[in-house]
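Structure, as structure tokens:
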Amino acid sequence: MKKEDNLTSRINRHIDTMSKGQKKLAGFILANYDRAVFMTAAKMGKTVGVSESTVVRFATLLEYKGYPEFQKAMESLVQEKLNSIERIEVASGKMSRQEVLETVLKADAERIKLTLDNIDRKAFETAVDWLLDARRIYVVGVRSCTALADFLGFYLNIIFDNVKVISTNNFSEMFEQMIRINKKDCIIGISFPRYSMRTLKAMEFANDRNARVIAITDSKNSPLGLYSSCNLLARSDMASIVDSLVAPLSVINALIVSLCIKRQDEVIENLEMLEGVWNQYQTFMPDEINRVNDEKIINIEDRDE
């Protein structure tokens with residue numbers, strides 16, 4: 001099978017003609033290829049919540065002769081992923097301790113450059129416009145992407161008063177936090193390999209309710225693209241056991257800065273109000289915010305000797 005005609009490419013090519021059940025299958029396979037490869041058509045249908053015949057028709061839609069050929073395509077996808085891991089292990093074996101800092105930082109810098117060269121500027125501007133227009137903004141990211149979701153949510157809350165970061169470890173609580181989402185709202189889903197089913201389900205839920213869906217992910221073949229019509233793609237490769245999220249964080253920074261420029265007056269007003277609150281309630285100790293000649297200033301009145 002040619003690389004450009006692999007399973008993910010076929011899913012991406014046929015996504016617009018898929019039924020709702022077939023889209024669920026696509027999302028499950030892309031997020032759980034290592035499990036799906038061992039499943040029969042009946043088992044996969046039961047796991048996803050569709051019929052066995054829907055699974056078989058899905059394979060046919062993707063231009064495979066039948067489920068056995070489709071299963072071989074899944075095996076090839078797993079093999080591609082394993083080969084990537086093997087390459088990482090080889091690189092790690094050749095990297096001395098002295099080279100780690102330079103190698104990792106240079107690799108991260110390269111990921112940012114590749115992201116800048118390939119990101120869709122129109123999609124970026126669309127994301128900014130959607131967020132400015134949204135009645136409510138939801139942000140979802142789990143596992144290693146929790147840090148990105150929290151960071152984005154923190155700054156969005158300074159700009160807007162209608163932001164909700166979805167924080168839960170179970171599907172039912174996630175849906176409860178999003179129960180009022182509708183076409184006037186916007187959701188940002190953040191996920192990178194291995195993709196999170198929780199994030200994918202949140203985006204599916206939002207899409208079913210006609211909300212505007214933005215994805216921050218790594219590839220046009222990411223399962224998040226099944227439910228997102230605005231995709232911000234950032235390079236994220238694994239360095240040893242660590243997911244490199246430097247490029248996605250840079251995209252998030254750019255998104256925040258762009259929103260701040262668009263809402264400059266509101267942002268200044270909110271920051272001035274926050275400064276007043278921080279000062280009134282002594283949020284920061286003086287030595288955290290004031291320095292003269294590199295010496296800490298301690299100013300605590302009426303201190304007992």
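- Checking Asp218 against Tyr195 by side-chain atom types alone, a donor-acceptor pair falls below 3.5 Å.
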Anything under 3.5 Å between a donor and an acceptor, one on a side chain of residues 125-134, the other on a protein residue two or more places apart or in another chain? List them.
residue: Thr126; atom: OG1; partner: Lys122; partner atom: O; Å: 2.9
residue: Asp133; atom: OD2; partner: Arg212; partner atom: NH1; Å: 3.1

Checking side chain to side chain contact (heavy atoms under 4.5 Å, CB included) for the pair Lys164/Val139: CA distance, chi angles, key distance, verdict?
CA-CA 6 Å; Lys164 174 68 177 177; Val139 182; over 6 Å; no
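- By the 6.0 Å contact criterion, CZ on Arg135 is enclosed, its count of non-hydrogen atoms from other residues, nucleotides or ligands being greater than 12.
- Contact of the Met44 side chain with the Met74 side chain is registered, since non-hydrogen atoms from C-beta on lie closer than 4.5 Å.
- Ionic pairing of Glu63 and Arg13 is present here: one or more N-O contacts between side-chain nitrogen and carboxylate oxygen are shorter than 4.0 angstrom.
- Within the 4.5 Å cutoff, no side-chain heavy atoms of Val257 are placed close to those of Cys260.
- Using a 4.5 Å heavy-atom cutoff, the side chains of Ile214 and Ile187 are not in contact.
- For CD of Glu269, the number of neighbouring non-hydrogen atoms (other residues, nucleotides, ligands) closer than 6.0 Å is 12 at most.
- Aromatic ring centres of Phe70 and Phe58 lie closer together than 6.0 Å.
- Side chain to side chain, Ser219 and Ser222 fail the donor-acceptor criterion of an N or O pair below 3.5 Å.
- Between Arg111 and Val246, every side-chain heavy-atom pair lies at or beyond the 4.5 Å cut-off.
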